[in-house]
Amino acid sequence: EPSNPVDKTSLIVNANYDENSHDGWNWNTWFTVNYGVAESYNKVFDTYQYIYNIPNGVYAVTVRGFFRPYNTNEAFTNFKPGAVVYGVEGSYDYEPNKIQSTYLPSIFAGSKTTPLVDYELEVKDADGNTWYVPNDMETANVYLNDAERGVEYETTVMFNVENGYMRFGIKQESLLSNADWTLWDNWKLTYYGKSVAAYQKWAETVVANAPDYSHATITQSLKEEYV
């Protein structure tokens with residue numbers, strides 16, 4: 001039930017990449033595992049797991065991670081989302097309309113003006129303040145597992161299962177630059193049940209995560225095409 005969800009993380013194989021292995025994971029493009037985290041650099045990719053023989057109902061998959069398009073300085077001033085966390089009942093190859101997904105946050109989501117380790121990247125804002133972010137897989141592992149900064153990198157997506165199995169994972173379907181960097185760790189799975197309240201909670205998250213087009217720019221060519 002929403003008020004008492006059940007932790008089902010034990011169903012995920014190799015949820016934390018602690019042994020620096022790819023065990024349990026499928027992929028369409030090779031990704032790197034090292035320092036207890038996983039990453040994809042400058043690649044379109046999809047890495048995922050199936051879990052079978054599970055109760056139907058509402059689930060939430062959570063992961064800690066970030067996406068950085070371009071180089072770090074450009075990403076600081078011109079961030080655009082790219083990689084997503086997703087979940088779907090069964091295989092989305094057959095019912096892609098049932099996929100639920102949420103963008104990973106920026107690499108700056110957990111950035112602060114105090115360093116966490118001795119080998120981070122530094123970016124200065126317009127006021128001269130210095131912000132620190134991970135520089136590689138080793139520093140990213142420290143950030144994602146830090147008690148204060150790690151939670152800022154958490155992304156959760158909720159989805160419904162009706163046929164007793166699921167697929168979940170992380171993917172990027174198109175590149176924004178030749179320096180796109182996606183890094184992730186610490187998967188969790190939560191079961192909310194199949195009550196009316198559980199489905200209501202799921203519906204609320206779908207609405208909350210819907211794209212916001214209120215500030216979108218309507219170009220002249222688009223206007224001529226559809227008006």
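Below, all heavy atoms of this structure are taken into account, side chains as well, without hydrogens, waters or symmetry copies. Just so it is clear, the structure is predicted and the values come from calculations on it, not from any experiment. If you read the sequence from its start, that first residue is 1, and numbering goes on from there.
- Closest non-hydrogen pair, L144 versus F66, comes out as CD2-CD2, 4.4 Å.
- The closest side-chain heavy-atom distance from Y59 to T190 is not below 4.5 Å.
- Cluster membership for V123 and V117, using ILVMFWY side-chain heavy atoms within less than 4.5 angstrom, is shared.
- Listed by chain and number, the residues in a ring-ring contact (aromatic ring centres under 6.0 Å, His included) with Y143 amount to none (sequence neighbours excluded).
- Y41 contributes atom OH, which lies 5.5 Å from atom CZ of R68 (distance to the nearest 0.5 angstrom).
- Considering only residues two or more places apart in sequence or on other chains, S106 meets the side chain to side chain donor-acceptor pair (under 3.5 Å) condition with none of them.
- Of the inter-residue distances, the one linking L104 atom CG with K171 atom NZ reads 12.5 Å to the nearest 0.5 angstrom.
- No side-chain N or O of W184 forms a donor-acceptor pair with one of Y153 less than 3.5 Å apart.
- The line from OH of Y191 to CG of N4 is 12.5 Å long, rounded to the nearest 0.5 Å.
- Of the possible donor and acceptor atoms, none in the side chain of D127 sits under 3.5 Å from a partner among the backbone N and O of N129.
- Contact check for E89 versus F159: no side-chain heavy atoms found under the 4.5 Å cut-off.
- Among residues two or more places apart in sequence or in another chain, the side chain to side chain donor-acceptor pair (under 3.5 Å) test is passed with Q49 by none.
- Both L116 and Y119 are part of a single hydrophobic cluster, where members link through side-chain heavy atoms under 4.5 Å apart.
- Q172 is linked by a side chain to side chain donor-acceptor pair (under 3.5 Å) to D180, counting only residues two or more places apart in sequence or in another chain.
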As a quick check of understanding, evaluate side-chain contact (heavy atoms from CB on, under 4.5 Å) for F67 and Y103, giving each step before the final call. CA-CA 9 Å; F67 175 70; Y103 284 113; over 6 Å; no

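- Considering every non-hydrogen atom in both P105 and T155, the closest pair reads CD-OG1, 3.1 Å.
- Between S101 and V157, the closest heavy-atom pair is N-CG2, 3.7 Å.
- Cluster membership check: W27 does not share its hydrophobic cluster with V13, using side-chain heavy-atom separations under 4.5 Å among Ile, Leu, Val, Met, Phe, Trp and Tyr.
- Here salt bridge (charged side-chain N to carboxylate O under 4.0 Å, His left out) pairs that include residues 102-126, with residues two or more places apart or in two chains, are K112-E148.
- Using a 4.5 Å heavy-atom cutoff, the side chains of F168 and I51 are in contact.
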side-chain contact (heavy atoms from CB on, under 4.5 Å), that's the test. Do T102 and T156 meet it? Break it down for me. CA-CA 7 Å; T102 303; T156 297; over 6 Å; no

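- Contact detail for D7 and L189: the closest heavy-atom pair is OD1-O, 3.3 Å.
- A distance-only check finds a donor-acceptor pair linking the side chain of S111 to the backbone of Y132 [under 3.5 Å].
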What side-chain donor-acceptor pairs closer than 3.5 Å can you find for residues 28-37, not counting sequence neighbours?
residue	atom	partner	partner atom	Å
N28	OD1	D46	N	2.8
T29	OG1	V44	O	3.0

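- Other residues, nucleotides and ligands contribute more than 12 heavy atoms inside 6.0 Å of the NZ atom of K43.
- With contacts defined as side-chain heavy-atom distances shorter than 4.5 Å, the pair F79/F108 does not qualify.
- Here the closest heavy-atom approach between residue N56 and residue K194 is recorded as O-CD, 3.8 Å.
- A distance of 4.5 Å separates CG in N145 from CG in N186, rounded to the nearest 0.5 Å.
- Looking at heavy atoms from C-beta onward, I54 lies in side-chain contact with M166 at the 4.5 angstrom threshold.
- For the pair M137/L183, a side-chain contact is recorded, criterion being any heavy-atom separation below 4.5 Å from C-beta on.
- In the displayed structure, N53 atom CG is contacted under 6.0 Å by at most 12 heavy atoms of other residues, nucleotides or ligands.
- Counting all heavy atoms, side chain and backbone alike, G90 lies closest to N163 at N-OD1, 3.7 Å.
- Tracing side-chain contacts under 4.5 Å through hydrophobic residues (I, L, V, M, F, W, Y), one never reaches V88 starting from V84; they form parts of separate clusters.
- To the nearest 0.5 Å, the span separating CD on E204 from OH on Y199 amounts to 15.0 Å.
- Contact annotation: the side chain of W187 approaches that of I170 to within less than 4.5 Å [non-hydrogen atoms, C-beta and beyond].
- The OG1 atom of T47 lies 6.0 Å from the CH2 atom of W25; values are rounded to the nearest 0.5 Å.
- Under the 4.5 Å side-chain contact rule for hydrophobic residues, L121 and W181 share a cluster.
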Verdict with reasoning, Y192 to W202, per side-chain contact (heavy atoms from CB on, under 4.5 Å): CA-CA 9 Å; Y192 284 88; W202 171 43; over 6 Å; no

